[in-house]
Amino acid sequence: MSRTIWVAVAAAVIALGAAGCGTSDADAGAAAPSSPSPRPKGTGPLPEKVVRTDLDTSAADAGVPANAPDYARSIEERSDGSQLSCTVAFKGFGTKSTPVDLSSFEGVVSELGERDWQLSRKREDRKHTGGDIAESRTVLKQRGWTLIASYLVLADNGVITLLASEDACIKKIGADTGLLG
């Protein structure tokens, strides 16, 4: 991915991730697994509700903790015409009781694949100086949506972030996030 796209993605993650960084082990564990959402017939863009269900159920089925409440609330309070108005997002922080690691991330990406999300870009990893993966990111697409799935190692655990943006909405507001390229 080009430097411009990484910067745009990082800006989106920072803007969306400012809330919810203080989760604790008191939070509930992994969300209850559920079946993939039914695909609406046709070839047009998926409804936002289906994308929301895909993100939540993929994470739950991979054993990732539920969407961080403060993060979810910040996304719900989005304003029309903003980049956030085109976005459905999920952020699952690992805890001592429900850790999040690279295999959790791979599980989420696999679950998204079961829901017809297709890899659009090869997974990119950034490593610590010791060689362990510190960050991993991939891009998936499905019926008018582009999804950036990322994993980041935090102090003792990890966090998985899923940012799905509706392509037509992003184009309409003229946002340059690098998601469409």
Side-chain angles (χ1 to χ4, degrees), residues 1-18 36-37 39-40 43-48 50-64 67-68 71 75 78 82-94 100-129 131-154 157-181:
M1 220 184 277
S2 72
R3 179 176 162 79
T4 304
I5 294 171
W6 275 107
V7 170
V9 169
V13 169
I14 290 169
L16 294 171
S37 57
R39 312 293 353 126
T43 58
L46 288 175
E48 184 176 322
V50 171
V51 176
R52 165 88 276 140
T53 301
D54 280 357
L55 301 189
D56 292 340
T57 60
S58 293
D61 289 352
V64 173
N67 202 1
Y71 184 74
I75 299 302
R78 61 194 183 191
S82 73
Q83 212 168 330
L84 290 179
S85 68
C86 301
T87 304
V88 177
F90 173 92
K91 187 174 289 247
F93 290 92
V100 167
D101 56 18
L102 188 59
S103 66
S104 304
F105 175 69
E106 291 167 343
V108 171
V109 172
S110 175
E111 290 292 337
L112 286 164
E114 290 184 23
R115 290 156 179 83
D116 298 328
W117 289 88
Q118 302 296 313
L119 287 176
S120 172
R121 293 200 183 126
K122 184 176 121 180
R123 186 175 107 183
E124 296 183 21
D125 297 328
R126 294 191 180 201
K127 297 182 178 183
H128 289 292
T129 53
D132 293 337
I133 294 176
E135 180 180 1
S136 187
R137 178 170 291 131
T138 193
V139 178
L140 301 99
K141 288 187 173 267
Q142 182 182 182
R143 290 180 54 184
W145 289 81
T146 300
L147 185 150
I148 297 175
S150 63
Y151 163 71
L152 179 65
V153 175
L154 298 177
N157 223 313
V159 60
I160 292 175
T161 305
L162 305 173
L163 296 172
S165 294
E166 186 178 18
D167 300 339
C169 180
I170 291 290
K171 284 183 181 179
K172 181 180 175 183
I173 65 168
D176 181 18
T177 64
L179 293 173
L180 304 172

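As the structure is a prediction and not an experimental result, all values here were calculated from the model.
- Atom CD of Gln142 sits about 5.0 Å away from atom CG of Asp116, to the nearest 0.5 Å.
- Judged by distance alone, the side chain of Gln83 and the main-chain N or O of Ser165 form no donor-acceptor pair under 3.5 Å.
- With sequence neighbours excluded, the residues satisfying side chain to side chain donor-acceptor pair (under 3.5 Å) with Ser103 are Asp101.
- Of the inter-residue distances, the one linking Leu55 atom CG with Leu163 atom CG reads 9.0 Å to the nearest 0.5 angstrom.
- The two atoms that bring Phe90 and Asn67 nearest to each other are CE1-N, 3.2 Å, heavy atoms only.
- Looking at Ser120 and Thr146, their side chains never come closer than 4.5 Å, going by heavy atoms from C-beta outward.
- Across Ala62 and Gly107, no two heavy atoms sit closer than the pair CB-C, 3.6 Å.
- Distance check, rounded to the nearest 0.5 Å: CG of Leu152 to CZ of Arg126 gives 11.0 Å.
- For the salt bridge (Lys or Arg N to Asp or Glu O under 4.0 Å) test, residues two or more places apart in sequence or in another chain that qualify with Asp125 are Arg123.
- Gln118 meets the side-chain contact (heavy atoms from CB on, under 4.5 Å) test with no other residue; sequence neighbours excluded.
- Contact annotation: the side chain of Val100 never approaches that of Val159 to less than 4.5 Å [non-hydrogen atoms, C-beta and beyond].
- Salt bridge Glu48/Arg52: absent, no basic N to carboxylate O contact under 4.0 Å.
- Note that OG of Ser104 is 5.0 Å distant from CD1 of Ile160, once rounded to the nearest 0.5 Å.
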- [ ] Decide yes or no on side chain to side chain contact (heavy atoms under 4.5 Å, CB included) for Val108 and Tyr151, but give the supporting numbers first.
- [x] CA-CA 10 Å; Val108 171; Tyr151 163 71; over 6 Å; no
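- With rounding to the nearest 0.5 Å, the separation of CG in Leu119 from NZ in Lys141 is 12.5 Å.
- With sequence neighbours excluded, the residues that form a side-chain contact (heavy atoms from CB on, under 4.5 Å) with Ala149 are Phe105, Val109, Thr138, Leu140, Leu147, Leu162.
- For the atom pair OG1 of Thr57 and CZ of Arg115, the computed distance is 3.5 Å after rounding to the nearest 0.5 Å.
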